[in-house]
Structures are given as structure tokens and as C-alpha cells.
Amino acid sequence: MKVKEVADLTGISVRTLHHYDEIGLLVPDGTTEAGYRDYSERNLELLQQILFFRELGFSLKKIKEIVTSKSFDRLEALERHREMLNEKRSQLEQLLRTVEQTIRHAKGEVTMTNEEKFKGFDFGSNPYEQEARERWGDKAVDESNAKMEKLKQDGKMQAFQDEMNELYRKLAAVRHDDPTSEASQEAIGQWYTLLNQMGSYSPEAFKGLGQMYVDDERFARNIDQFGEGLALFMRDAMAHYSDSRLG
């Protein structure tokens with residue numbers, strides 16, 4: 001299958017498939033005489049595996065480590081996917097029961113205990129914060145948390161989130177343009193300014209964050225809700241913006 005056919009079949013953008021090829025995660029088994037990518041049945045099986053991992057929140061880097069390992073067993077991985085998805089389904093089913101009971105409680109049909117109101121939620125860890133601490137250190141994360149807490153105390157958090165979402169939409173509108181164009185760089189410059197309201201990003205850290213938008217599927221999935229391929233566009237735009245300031 002050609003790359004466009006794979007994109008149409010799976011709903012993944014051509015740009016994302018090209019990126020998977022570039023990082024060595026999903027390299028097509030063949031090429032046509034014209035030099036176009038040609039995906040085999042084996043490639044499609046691997047892509048399905050990648051998407052299972054992605055759905056469960058694995059980063060692209062971790063997925064590549066797993067599927068390229070000599071000890072990787074596809075059937076064993078599929079069975080583990082089933083277990084994890086069943087666990088995820090159980091949590092979602094509990095959340096649905098909590099929502100339904102809360103609706104009945106709001107209508108006065110039943111009475112909920114405080115414990116029942118929070119069944120199904122899982123806030124056992126914050127992987128984003130832990131990864132940020134490992135990448136940029138405790139000081140940077142603590143400063144960012146302090147800025148966010150101040151926004152909450154000042155009643156400005158909602159306005160900040162609204163501004164962030166509006167900027168995501170602005171970036172999504174130009175995501176098919178050259179990331180180095182004036183319009184793209186103007187928009188990504190606004191993103192740099194906005195992020196520094198809740199953190200302290202050097203151009204180098206800003207560039208690293210852009211790469212994380214693509215490497216970590218949790219980020220990519222959230223960002224691409226505003227437009228397929230937005231995470232990749234932002235990575236490239238952020239890299240150019242940072243490089244131009246680093247000289």
C-alpha cells in the first residue's frame with residue numbers, strides 16, 4: 001500500500017507516517033520505481049502495534065525501544081495490550097457509573113456519600129511533572145508550579161487557559177504553511193511568550209519541549225485535537241524560532 005492509502009485506511013496523517021519513517025519506527029519494506037513508500041502487510045501489523053501502544057500512553061521513543069528489541073514478542077504484547085485496555089475499560093465504566101449516580105443525585109433521586117462522588121478517578125501520579133523534573137530539574141518545575149498557583153489565587157487561570165486554547169487554534173490555522181514563514185514564526189513567538197508566563201524557558205528548553213510534543217504521544221494526541229499534524233508543525237516552528245535566537 002502507498003502512504004496515502006495507509007493514511008486513508010488508518011486515519012493517520014501522511015506527515016505522521018513520514019515522521020515514523022524518519023525516526024526509524026515504521027520504515028516501509030519497499031519503494032516504488034518512482035521512489036514512493038510502499039507498505040507491506042508486515043508494516044501494517046507493526047503500525048497496528050504502534051497504535052495500541054500509543055493509545056495506552058507510551059512515548060514514541062519507548063515504543064521504538066520495545067518493538068525493535070530482540071526479545072519483542074508480538075503475541076505477548078497483544079495479550080498485554082488486552083489486559084491494559086481491560087483495566088482502562090474498568091476505570092471508564094466506574095467513571096460512567098459515578099456520572100450516572102451524580103446525575104440522579106442532582107435530581108434528588110438518590111443520596112451520594114463523599115466517597116462515592118470520587119470513585120473511578122485516578123490521580124496516583126503526574127508523569128508530566130516527573131518527566132519535567134528529570135529533564136529540567138526541580139528548581140524550574142517548582143518555579144513553574146508557583147506561577148501556576150499564583151494564577152489560580154488571582155483568579156486568572158481560566159483566562160490563561162482560554163488564551164492558550166485560542167493560540168492553539170491560531171497555530172492550527174497555519175499548520176500547513178512553512179514553519180519558518182513569518183506568520184508561523186509570529187504565532188510560535190506568541191506561544192513562547194505565553195509559556196514563559198507559567199515557566200522559565202530558554203530557547204534551548206523551548207526547542208526541547210517542541211521535540212517532546214512529538215516524541216510523547218500524550219502531548220501529540222492532546223495537541224492534534226486542534227488539527228491533525230499540529231504537534232509536528234509546532235516542533236519544527238519551535239526549533240526554527242529557538243535556533244534563530246541561539247545563533
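Along the sequence shown, residues carry numbers from 1.
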Please find the pair of heavy atoms, one from [X] and one from [Y], that lie closest to each other, and give the distance.
| X | Y | result |
| --- | --- | --- |
| V214 | H19 | CG1-NE2, 2.9 Å |
| A237 | Q185 | O-NE2, 3.1 Å |
| A220 | A231 | CA-CB, 4.0 Å |
| R245 | P203 | CB-CG, 4.2 Å |
| T16 | E228 | OG1-OE2, 3.7 Å |
| M164 | L194 | CA-CD2, 3.6 Å |

Does a side-chain N-to-carboxylate-O contact under 4.0 Å join [X] and [Y]?
| X | Y | value |
| --- | --- | --- |
| E116 | R97 | no |
| R80 | E83 | yes |
| D236 | R15 | yes |
| K2 | E5 | no |

Within the 4.5 Å heavy-atom criterion, are [X] and [Y] side-chain neighbours or not?
| X | Y | result |
| --- | --- | --- |
| K88 | E55 | yes |
| D162 | E166 | no |
| L60 | Y20 | yes |
| Y201 | M238 | no |
| L209 | L195 | yes |
| I50 | F58 | no |
| K170 | Q190 | yes |
| Q101 | M112 | yes |

Main-chain N/O of [Y] paired with [X] side-chain donor or acceptor, under 3.5 Å:
| X | Y | answer |
| --- | --- | --- |
| S184 | T180 | no |
| S181 | D177 | no |
| S90 | N86 | yes |
| Y192 | S242 | no |
| R235 | G208 | no |

Contacts of type salt bridge (charged side-chain N to carboxylate O under 4.0 Å, His left out), residue K61, not counting sequence neighbours: none
Reported OG1-to-CD1 distance for the pair T98 and I103, which is rounded to 0.5 angstrom: 11.0 Å
Please tabulate, for side-chain N and O atoms in residues 23-32, each donor-acceptor pair with protein atoms closer than 3.5 Å (sequence neighbours left out).
| from | atom 1 | to | atom 2 | distance (Å) |
| --- | --- | --- | --- | --- |
| D29 | OD1 | R42 | NH2 | 2.7 |
| D29 | OD2 | S40 | OG | 2.5 |
| D29 | OD2 | R42 | NE | 3.1 |
| T32 | OG1 | A34 | N | 3.3 |
| T32 | OG1 | G35 | N | 3.4 |
| T32 | OG1 | Y36 | N | 3.0 |

Distance flag, aromatic centroids of F53 and H81, threshold under 6.0 Å: yes
Among L171, L167, N165, the one residue meeting side chain to side chain contact (heavy atoms under 4.5 Å, CB included) with R169: N165
Parallel, tilted or perpendicular: ring planes of Y213 versus F219, cut at 30 and 60 degrees: tilted
Mutual orientation of the aromatic rings belonging to F206 and Y241 [parallel < 30°, tilted 30-60°, perpendicular > 60°]: perpendicular
Hydrophobic cluster membership, F226 vs M212, 4.5 Å side-chain cutoff: yes
Shared hydrophobic cluster for L230 and V14 (ILVMFWY, side-chain gaps under 4.5 Å): no
